[in-house]
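All of these numbers come straight from a predicted model, not from anything done at the bench. One-based numbering along the sequence shown.
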Amino acid sequence: MDALTLDMILVMAMIGLAVFLFIVEWVRVDVVAILMTVALPLLGLVTPKEAFVGFSSNAVISIIAVIIIGAGLDRTGMINKLVAPVLRIAGSSSSRIIVAISVTVAIISSFMQNIGAAALFLPAIQRISKMQNIPLGRLLMPIGFSAILGGTVTLVGSSPLILLNDLLVPFNLEPFGLFDVTPIGLALVAGGIACFVLLGRFILPQGGAPNMTDRAGTETGAPSLPGDSEPDGTEFYELRTPDDFTDYRDPLFVEDIRRRYLLNVVALTEPPDYKVLSPAPDAEVRAGIDLVVCGRKADAERMASAEGMQLKAALETYRDRLAVETAGTVEVVVAPRSSYAGKALQDINFQDRFHVTPLSVYRQEETYRARLDDIVLQVGDVVALYGTWKRLKTLQKEGGLLFSLPSDMEDLRPEKAVWAGLWLVVALTMIMGFKIQLSVALMTGALGMVLTQVLSIDEAYQSVDWRTIFLLAGLIPLGIATEKTGTAAWIAHTILGIIGDVSPIVLLSVIGILSTLFTLVISNVGATVLLVPLVVNMAIAAHTDPRMAALVVGLATSNSFVLPTHQVNALYMGPGHYRTVDFIKAGSLVSVVFLVVMIAAISLIYGI
């Protein structure tokens with residue numbers, strides 16, 4: 001084994017720094033990747049050309065194209081069209097619904113980023129939960145896990161697998177084809193679904209939390225009229241202030257009502273007769289006016305008594321303004337990488353910017369109704385918002401929040417569905433039938449969607465998550481430095497010296513466990529870039545197929561179920577009202593099954 005050199009020490013120091021920053025999250029992961037891109041050539045560990053080669057790599061271009069194709073499929077509403085036939089097949093059985101939706105999500109996830117597939121299906125799953133009276137917590141986790149597992153079915157299903165062939169280039173190893181991983185991926189999907197069908201009653205949380213999205217049985221939510229009770233017991237009430245309300249007393253503001261009585265003012269009349277929906281927190285409640293609040297009846301009665309207001313038996317002044325055709329409540333989920341994450345509600349200022357009213361925030365078994373402005377949003381938080389459909393549509397276009405609107409308000413292009421499907425088929429045909437490079441074929445499909453106006457070029461640019469692109473491109477030079485300086489070979493020989501001679505099955509199992517542990521604390525892209533050069537060298541030294549070692553890393557970095565650190569898990573944690581212990585209980589079993597099925601499938605298919 002070669003002696004440890006200064007360059008090796010520097011590379012290991014950079015790897016350690018990257019892993020440390022990934023864990024502590026002092027800066028965003030894409031910033032860490034950019035730091036690696038700049039620092040490595042400055043230290044002389046890679047050339048300037050090698051430092052930026054990631055931005056022109058086959059993997060990065062492929063991911064950009066996959067994201068655009070996924071956005072085109074979403075824009076046509078094709079996902080919504082899949083729900084009805086799937087439900088007809090599944091019937092009312094929760095087990096059949098889980099199997100049917102999970103298989104559908106896995107198939108979609110095999111051709112687009114799994115977080116995108118999970119986000120697209122979230123509103124549909126919420127509607128299914130409501131329609132079939134199945135607790136949302138019993139649906140979301142199996143379907144979310146299936147979205148992750150679906151990323152292992154094809155080579156374009158997840159970032160690690162897209163990246164895999166690029167990482168094999170320095171070793172002159174044969175690249176993998178689009179469907180080379182499909183038998184293994186299908187076995188993993190089947191194993192994951194089987195865990196929930198057979199053992200779901202033991203590993204899934206029992207019972208269901210309230211779903212704040214829908215009202216009075218409507219699909220996507222509408223305001224409750226008196227008598228149409230919310231799932232959590234809240235309703236809409238109209239009150240009137242007396243003519244001497246402001247005499248001899250301190251002013252009463254909208255925010256005061258929320259803080260004192262846990263009621264949200266959704267409509268307020270300002271003199272002389274100007275009706276305001278979703279008034280600002282600093283709006284003053286005047287004398288002789290009507291207002292509508294959302295909350296529990298006991299709190300409305302308490303406020304009426306304490307403030308001397310008249311509590312009306314039904315909505316009168318605002319009955320038309322708050323009709324279900326005009327306004328309603330939606331349950332929005334803070335999406336991964338959302339610009340709203342890390343910001344307090346008072347900084348976002350929903351009421352002034354969008355004229356919608358936050359009603360509550362749900363996070364990790366707690367529902368917050370008071371002092372909402374001080375709450376700093378996190379990914380996966382569920383926020384109930386009230387406003388007109390027009391205003392909510394404006395908010396939806398801003399991005400960063402996941403929710404659905406009534407079908408006539410959705411900005412979809414169903415007439416372009418055929419074109420979207422056609423260009424997906426064209427891209428796949430180019431890959432399979434004509435052996436055209438992955439990036440070229442996928443970009444052809446993406447360009448075709450733009451040319452046929454499935455989505456505009458601006459929408460294509462906006463759909464791409466550039467943070468993911470910089471993360472991927474920025475970490476590639478770290479992998480180059482690890483291989484170029486001999487660091488990967490040195491670490492590989494050191495590990496093999498510790499574990500001794502082992503069979504190929506044992507070695508691949510160790511690599512699978514190592515990859516799983518890495519992806520629990522750092523991004524799956526980071527784990528792949530760091531581990532592939534290492535395990536290829538280990539496999540070569542142990543006389544094992546290095547392509548299989550790299551494949552284990554590409555697959556096992558999707559084995560991220562034990563903690564809600566994966567983007568899909570973080571997305572579904574809030575709506576499903578899950579706790580971390582729920583992921584540990586179900587995820588531990590699925591992770592073990594994943595490793596066993598993966599190694600068994602690789603051994604059976606490739607004869608290891």
Rounded distance (nearest 0.5 Å) linking atom CD1 of Ile457 with atom CD of Gln462: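 Ile457 CD1 to Gln462 CD: 10.5 Å, rounded to 0.5 Å.
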Rounded to the nearest 0.5 Å, what separation is found between the CG atom of Leu139 and the CG atom of Leu204?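 Answer for the CG-CG pair, Leu139 versus Leu204, is 9.0 Å.
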Centre of Phe350's six-membered ring, under 6.0 Å away, within 45 degrees of the axis: is that where NZ or CZ of Arg353 sits?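 No; the conditions do not both hold, so Arg353 does not lie above the ring face of Phe350.
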With under 30° as parallel and over 60° as perpendicular, where do the rings of Phe145 and Phe583 fit, or are they tilted in between?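 Rings of Phe145 and Phe583: tilted, as their planes differ by 30° to 60°.
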Does this structure show an ion pair linking [X] with [Y], if we count only N-O contacts that are shorter than 4.0 Å?
X      : Y      : answer
Arg413 : Glu459 : yes
Arg258 : Asp256 : no
Glu398 : Lys393 : no
Asp290 : Lys312 : yes
Arg302 : Asp299 : yes

Pairwise side-chain contact, [X] with [Y], heavy-atom cut-off 4.5 Å (strictly under):
X      : Y      : answer
Tyr318 : Leu291 : no
Leu401 : Val333 : no
Ile125 : Tyr572 : yes
Glu270 : Arg286 : no
Thr76  : Leu455 : no
Met449 : Trp419 : no
Thr580 : Leu563 : yes

Classify the side-chain pair Asn264/Thr357 by whether it contains a donor and acceptor separated by less than 3.5 Å.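 Thr357 and Asn264 do not have a side-chain donor-acceptor pair below 3.5 Å.
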Polar side chain donor-acceptor pair, Tyr261 to Glu307, under 3.5 angstrom: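 Result is yes, a qualifying pair exists.
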Please test His566 against Phe561 for ring pair (Phe, Tyr, Trp, His ring centres under 6.0 Å), starting from the C-alpha separation and ending with a verdict. CA-CA 7 Å; His566 192 282; Phe561 307 105; 7.8 Å; no
Walk me through it: do Thr519 and Asn524 pass the test side-chain hydrogen bond (donor to acceptor under 3.5 Å, both in side chains)? CA-CA 5 Å; Thr519 200; Asn524 53 9; 5.3 Å; no
Would the number of heavy atoms belonging to other residues, nucleotides or ligands and lying under 6.0 Å from CG of Asp247 be above 12?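 Enclosed: over 12 neighbouring heavy atoms sit under 6.0 Å from CG of Asp247.
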Report the C-alpha separation of Gln378 and Arg363 in whole Å, then their side-chain angles, then the decisive distance to 0.1 Å, and conclude whether the side chain to side chain contact (heavy atoms under 4.5 Å, CB included) test is met. CA-CA 9 Å; Gln378 300 176 4; Arg363 175 190 298 162; 3.7 Å; yes
Under the 3.5 angstrom rule, does the side chain of Asp582 hit a backbone N or O of Arg579 as a donor-acceptor pair?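 Indeed, once roles are kept as given, a pair shorter than 3.5 Å links the two residues.
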With distance as the sole test, does Ser591 use its side chain to make a donor-acceptor pair with the main-chain N or O of Gly587 at under 3.5 Å?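 Yes, the answer is positive, given that a donor and an acceptor are paired below the 3.5 Å cut-off.
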Using side chain to side chain contact (heavy atoms under 4.5 Å, CB included), reason through Ile107 and Val153 one step at a time and then give a plain yes or no. CA-CA 8 Å; Ile107 293 172; Val153 175; over 6 Å; no
What pairs with Ser338 under side chain to side chain donor-acceptor pair (under 3.5 Å), at least two apart in sequence or on another chain?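 Partners of Ser338 by the side chain to side chain donor-acceptor pair (under 3.5 Å) criterion come out as none, since no residue qualifies.
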Please enumerate all residues that pass side chain to side chain donor-acceptor pair (under 3.5 Å) together with Thr468, with sequence neighbours excluded.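 Partners of Thr468 under the side chain to side chain donor-acceptor pair (under 3.5 Å) test: Asp465.
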